Amino acid sequence: MSRRYFLLIFILLSILSLATCQKESKTSLLIYSPHGTELLEAMKARFEEKNPQVEIQFLDLSSQEIYDRVKLERANTQADIWWGASAITFGQAAEEGLFEPYKPTWADKVTEIARDSQDRWYGTFQTPEVIVYNQTALKTEDIPKDWDDLLDPKWKGRLIVRDPVRSDTMRTIFGAMILRQWSAAQTPDAGYDWLRKLDANTKEYTVDGTLLLQKLARQEGVVSLWDLPDVALAINRQKMPLEFVIPASGTPLVIDGIAIIKGTKQLKLAQEFYEFVTTEENLLLAASEFYHPPLRTDIDKAKLPDWLRKIEIKPMPVDQTLYKTNIQDWMRYWDSQIRNQNNR
């Protein structure tokens, strides 16, 4: 072999070695989040641009999977930040000592229900739940306008639902449907009847929200219930033939939060990332590009994206205490006594 050949090999190995050393010299921050790769990649790129010595890594998991994982890893913490779950799930995790308290600079800019009294988590987004449908499969007069419309027998075998047992979004909807009828008898029975009728129309429970929307786009089912950000992204980014309505009687709003995981070895960096993704600039980006309405009350409404200022979101009152106390029992009952009972 010629000297030129050996020189070329030496240069290539040197470049590879230098690149490896540079990567190894970076500080890693691991994020657990259900917010989807598009939002996470965007925030990763923006943070790393400002902090070139940092490498952001993330795992895109469901909120229940994250809860199980963080709980399992508590003796040997792996991740630094948990970004994305309902206030109820965060509240439960906080009570189990899974979070490192941190009071962000904007702590007084969210309402009391959107923050933990001991600073263990704070709300970032408020997520409306919607009815989603395949717009090419339905006539205008057939589009369901409210939750009860989904119980019409005409939807039998045409409804697809995300498995609610491991989904904060679906547990929120199911819990709200039970609480909506709670005051009359002070029992969940009327709510269970509602869920039985929904189950009778349900063709399938999918393992995640992505598969749910794909199946709707392929008309394996034509109607479902899901959250606005995922549906809007599927329509506007992935060009799926879907559309949504905000139910006329109101929609439960999920308070979606962020927390630092107890035991992180990168506490200061975790706090910097926490602050970074919750700046006004990045919350407005999440609203305009990824359809996540912000919770901070100090954001100028005139700066919100057009889509958010044009839609009317009517919040459905949900007794948070009743929900928090009972939701696990309700879901166990649904899983054992209602799921697929009408299709056996």
Side-chain angles (χ1 to χ4, degrees), residues 34-36 38-39 62-63 84 86 125-152 154-155 158-164 167-177 180 194-195 198 201-206 208-256 286-295 304-316 318:
H35 285 321
E38 291 178 312
L39 172 59
S62 76
S63 54
S86 73
F125 308 134
Q126 53 181 337
T127 303
E129 314 302 3
V130 300
I131 295 171
V132 52
Y133 59 92
N134 186 309
Q135 61 171 317
T136 63
L138 299 188
K139 297 177 182 176
T140 302
E141 58 270 27
D142 290 332
I143 296 170
K145 304 296 191 302
D146 210 346
W147 302 108
D148 290 347
D149 294 342
L150 299 173
L151 306 185
D152 191 314
K154 72 180 181 182
W155 300 119
R158 305 176 74 195
L159 195 71
I160 295 183
V161 176
R162 161 73 161 105
D163 189 334
S167 163
D168 260 358
T169 294
M170 289 312 305
R171 284 199 301 272
T172 298
I173 295 174
F174 277 26
M177 294 303 104
R180 193 173 59 138
W194 194 96
L195 294 177
L198 187 77
N201 285 344
T202 301
K203 175 183 178 183
E204 177 185 355
Y205 295 97
T206 67
D208 59 45
T210 300
L211 189 58
L212 166 71
L213 297 177
Q214 290 172 345
K215 283 178 175 284
L216 284 180
R218 294 195 297 262
Q219 295 191 31
E220 293 180 33
V222 296
V223 180
S224 189
L225 321 81
W226 195 235
D227 67 58
L228 185 149
D230 281 358
V231 173
L233 272 176
I235 295 169
N236 295 297
R237 289 282 185 89
Q238 300 162 32
K239 306 302 179 187
M240 291 187 184
L242 307 177
E243 193 49 81
F244 69 87
V245 295
I246 295 178
S249 63
T251 178
L253 294 175
V254 174
I255 292 174
D256 203 314
S288 62
E289 300 294 325
F290 304 100
Y291 306 96
H292 287 287
L295 269 166
L304 294 174
D306 286 345
W307 75 265
L308 186 52
R309 283 186 282 128
K310 287 177 180 175
I311 65 172
E312 182 180 355
I313 298 174
K314 181 181 177 182
M316 176 183 289
V318 174

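If you're wondering where the values come from, they're calculated on a predicted model, not measured in any experiment.
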- request: Apply the test side chain to side chain contact (heavy atoms under 4.5 Å, CB included) to residues Val132 and Leu225: give CA-CA distance (whole Å), side-chain angles for both, the deciding distance (0.1 Å), then the verdict.
  value: CA-CA 6 Å; Val132 52; Leu225 321 81; over 6 Å; no
- prompt: Tyr133 and Val245: side chain to side chain contact (heavy atoms under 4.5 Å, CB included), yes or no, with the steps?
  reply: CA-CA 9 Å; Tyr133 59 92; Val245 295; 4.1 Å; yes
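Rounded to the nearest 0.5 angstrom, Asn134 CG and Met240 CE are separated by 10.5 Å. Distance check, rounded to the nearest 0.5 Å: CD of Gln126 to CG of Leu253 gives 5.5 Å. Taking CD1 of Ile235 as the start and CG of Leu213 as the end, the distance is 9.0 Å to the nearest 0.5 Å. Rounded to the nearest 0.5 angstrom, Arg158 CZ and Gln219 CD are separated by 9.0 Å. Remark: Glu243 CD to Ile131 CD1 distance equals 12.5 Å, nearest 0.5 Å. Note that CG of Leu211 is 10.0 Å distant from CG of Leu216, once rounded to the nearest 0.5 Å.
Partners of Asp148 according to the salt bridge (charged side-chain N to carboxylate O under 4.0 Å, His left out) rule, which considers only residues two or more places apart in sequence or in another chain, are Arg180. The salt bridge (charged side-chain N to carboxylate O under 4.0 Å, His left out) search around Asp142 returns Lys154, not counting sequence neighbours. Here Lys145 pairs with Ile143, Asp149 under the side-chain contact (heavy atoms from CB on, under 4.5 Å) rule; sequence neighbours left out. Partners of Lys310 by salt bridge (charged side-chain N to carboxylate O under 4.0 Å, His left out), not counting sequence neighbours: none found. Residues forming a salt bridge (charged side-chain N to carboxylate O under 4.0 Å, His left out) with Glu38 (at least two apart in sequence, or on another chain): Arg237. With sequence neighbours left out, the side-chain contact (heavy atoms from CB on, under 4.5 Å) criterion links Ser63 to Ala85, Asp168.
Put simply, the side chain of Thr202 never gets that close to the backbone of Glu204: no donor and acceptor are under 3.5 Å apart. In this structure, the side chain of Asp146 engages the main chain of Ser249 through a donor-acceptor pair within 3.5 Å. A donor-acceptor pair under 3.5 Å is formed between the side chain of Trp307 and the backbone N or O of Ala287. No side-chain donor-acceptor contact under 3.5 Å links Thr169 to the backbone of Trp226. Between the Ser224 side chain and the Ile160 main chain, a donor and an acceptor come within less than 3.5 Å of each other. No donor-acceptor pair closer than 3.5 Å links the side chain of Asp163 to the backbone N or O of Tyr205. Formation of a donor-acceptor pair under 3.5 Å by the Lys203 side chain with backbone atoms of Glu220 is found in this model. A side-chain donor-acceptor contact under 3.5 Å links Arg309 to the backbone of Leu304.
Between Leu138 and Pro144 the shortest side-chain heavy-atom distance falls below 4.5 Å. At a threshold of 4.5 Å between non-hydrogen side-chain atoms, the residues Asn201 and Leu150 do not count as touching. Side chains of Pro294 and Leu308 form a contact here, defined as non-hydrogen atoms less than 4.5 Å apart. Residues Val222 and Trp155 form a side-chain contact, since some pair of their non-hydrogen atoms from C-beta on lies under 4.5 Å apart. Looking at heavy atoms from C-beta onward, Asp208 lies out of side-chain contact with Ser62 at the 4.5 angstrom threshold. Taking the side chain as every heavy atom from C-beta outward, Glu312 and Ile246 never approach each other to under 4.5 Å.
Paired with Val130 under the rule side-chain contact (heavy atoms from CB on, under 4.5 Å), one option of Thr251, Val231, Asp230 passes, and it is Val231.
Taking the ring centroids of His35 and Phe290, they lie at or beyond the 6.0 Å cut-off.
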